[in-house]
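These notes are about the structure you will find just below.
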Amino acid sequence: MNGNGLIRMPELFFTGQNLEGNEVVPSVRTLGDIIGIFEDRETASGMDMAQTAYSVSSAFPVPEGTPGGLFFGITRIMPGKVGNEYFMTKGHFHRNEDTAEFYWGVEGEGVLILMDRNRNVWAERMFPGSLHYIPGKVAHRVANIGVTPLVFDACWPSDAGHNYEEIAAGGFAMRLKEVNGLPTLV
Ligand code: S6P
Ligand code: ZN
C-alpha cells in the first residue's frame with residue numbers, strides 16, 4: 001500500500017462500522033458469553049445464546065503493557081434487550097487503576113454507565129459526535145438503547161489492562177433498564 005517516497009498510505013482504515021488494516025484484532029461476544037451480566041435469567045433462558053451481542057476490532061501497535069503507548073478499538077453493540085435491560089458491554093475497571101480512556105459515539109444511540117470506587121453510578125448519553133473522558137478508577141460499560149447498532153470508538157493506554165473480575169462478581173451498583181419506554185438507572 002505504500003506509495004513512492006515519503007508520503008505513505010495509513011495502516012488503518014475505518015470501513016463503515018469496522019476497523020481494517022494491518023494487524024487489526026477482531027473479537028466477538030455472543031449473548032452466551034455475557035449472559036451473566038443480565039438480571040432477568042428467565043427471559044434469557046429462551047433466547048438464542050449464539051447471537052452476537054457485540055464485536056470489537058482493535059489495533060495494538062505496541063505490546064500490551066507498554067508504558068506510554070496507545071490502543072484503539074471500535075465497538076459495535078447490536079440492538080436488543082434481555083427483558084427490560086439493553087444489550088451492553090461486560091464493563092471493566094482498568095487493571096492499572098490510574099489510567100484513563102476516551103470513548104466517542106459514531107453511530108446509533110447509547111448510554112455510557114460509569115461507577116467510581118465508592119460505587120457511585122452515573123451515566124452519559126452517547127450519540128454520533130459525543131465525546132466521553134473516562135477518568136482512572138472509574139468502571140465503564142456501554143448499553144445500546146436504540147434500534148440500530150451502536151458504534152463507538154475507544155482510545156486507551158497500552159498499559160491500562162482490564163479488570164473484568166470485579167464487575168463480573170459485584171456488577172454495577174445500578175442497572176440501566178427501559179422503564180415506561182425510557183432508559184432509566186434503577
Ligand atoms: C478497552 C475499551 C473497549 C472495550 C470494548 C468492550 O479498554 O474500553 O475497547 O474493551 O468496548 O467492552 P468490554 O467491557 O467487554 O471490554
Ligand atoms: Zn476501558
Side-chain angles (χ1 to χ4, degrees), residues 12 14 17-21 23-38 51-80 82 85-117 121-128 130-146 149-176:
L12 295 165
F14 297 96
Q17 300 176 348
N18 285 307
L19 181 66
E20 285 180 18
E23 296 179 34
V24 168
V25 180
S27 75
V28 172
R29 302 277 191 207
T30 64
L31 187 56
D33 292 331
I34 61 163
I35 200 63
I37 66 180
F38 297 100
Q51 68 180 288
T52 296
Y54 62 94
S55 56
V56 188
S57 341
S58 308
F60 305 112
V62 292
E64 172 100 44
T66 304
L70 292 171
F71 291 156
F72 180 83
I74 301 185
T75 303
R76 183 173 185 261
I77 310 177
M78 300 309 290
V82 176
E85 240 179 321
Y86 306 94
F87 280 14
M88 57 186 170
T89 59
K90 288 167 78 169
H92 56 268
F93 286 100
H94 289 162
R95 180 87 50 207
N96 183 355
E97 291 251 298
D98 288 332
T99 54
E101 180 162 6
F102 268 119
Y103 276 7
W104 60 98
V106 175
E107 282 185 31
E109 271 188 284
V111 172
L112 167 62
I113 306 157
L114 301 154
M115 181 174 76
D116 69 17
R117 278 274 163 226
V121 174
W122 68 105
E124 295 177 7
R125 283 272 187 172
M126 286 185 111
F127 48 85
S130 68
L131 179 64
H132 312 268
Y133 180 74
I134 303 163
K137 300 187 176 73
V138 171
H140 36 292
R141 155 181 284 171
V142 175
N144 182 351
I145 62 164
L150 171 73
V151 181
F152 67 93
D153 292 350
C155 184
W156 67 102
S158 45
D159 60 350
H162 294 93
N163 170 359
Y164 290 107
E165 297 81 2
E166 225 173 305
I167 296 301
F172 278 61
M174 298 181 88
R175 287 179 178 276
L176 187 75

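These numbers come from the heavy atoms of this one structure, side chains and all, not from hydrogens, waters or symmetry mates. Indexing begins at 1, ligand by ligand and atom by atom, following the structure's order. This one's a predicted model, so the numbers in the text were calculated from it and none came from an experiment. Residues take their numbers from the sequence shown, with the count starting at 1.
When only non-hydrogen protein atoms are considered, atom 3 (C) of ligand 1 lies nearest to Tyr103 OH, 3.8 Å. Looking at atom 12 (O) of ligand 1, its nearest protein heavy atom turns out to be Thr89 CB, 3.5 Å. Looking from atom 6 (C) of ligand 1 to the surrounding protein, the closest heavy atom is Tyr54 CE1, 3.7 Å. The nearest protein atom to atom 16 (O) of ligand 1, hydrogens excluded, is given as Tyr164 OH, 2.4 Å; this is a heavy-atom distance.
No option in Ile74, Val151, Leu150 other than Val151 meets the side chain to side chain contact (heavy atoms under 4.5 Å, CB included) test with Val106.
Residue-to-ligand polar distances keep Arg29 apart from ligand 1: every N/O pair is separated by 3.5 Å or more.
Taking His132 as the reference, nothing meets the ring pair (Phe, Tyr, Trp, His ring centres under 6.0 Å) condition, with sequence neighbours excluded.
Close contacts between ligand 1 and Thr75 involve ligand atoms 5 (C), 11 (O) [criterion: under 4.0 Å to a heavy atom]. Atoms of ligand 1 lying under 4.0 Å from at least one heavy atom of His162, given by number and element, are 1 (C), 7 (O). Close approach of ligand 1 to His94 is summarised as follows: ligand atoms under 4.0 Å from at least one heavy atom of the residue are 7 (O). Close contacts of ligand 1 with Phe152, meaning ligand atoms under 4.0 Å from a residue heavy atom, involve 11 (O).
Listed for the Asn96 side chain is a donor-acceptor partner under 3.5 Å among the backbone atoms of Asp159. Panel note: side chain Arg141, backbone Lys90; a donor-acceptor pair is recorded below 3.5 Å. Side chain of Ser158 to main chain of Thr66: a donor-acceptor pair is present (N/O by atom type, distance under 3.5 Å, no hydrogens or angles).
His94 has its closest N, O or S atom to the Zn ion (ligand 2) at the position named NE2. Among heteroatoms of the N, O or S kind in Glu101, OE1 lies nearest the Zn ion (ligand 2).
The distance from atom CG of Asn144 to atom CZ of Arg76, rounded to the nearest 0.5 Å, is 10.5 Å. Atom CZ in Phe152 sits 13.0 Å away from atom CD in Glu107 (nearest 0.5 Å).
Looking at Gly91, Cys155, Ser27, it is Gly91 that brings a heavy atom closest to atom 14 (O) of ligand 1.
At a cut-off of 2.8 Å, His162 is not counted among the residues with an N, O or S atom near the Zn ion (ligand 2).
Side-chain polar atoms of His92 and His140 form a donor-acceptor pair below 3.5 angstrom.
Ion pairing between Arg95 and Glu165 holds under the 4.0 Å rule for side-chain N and carboxylate O.
When non-hydrogen atoms are compared, ligand 1 lies under 4.0 Å from the side chain of Glu101 (C-beta onward) but not from its backbone.
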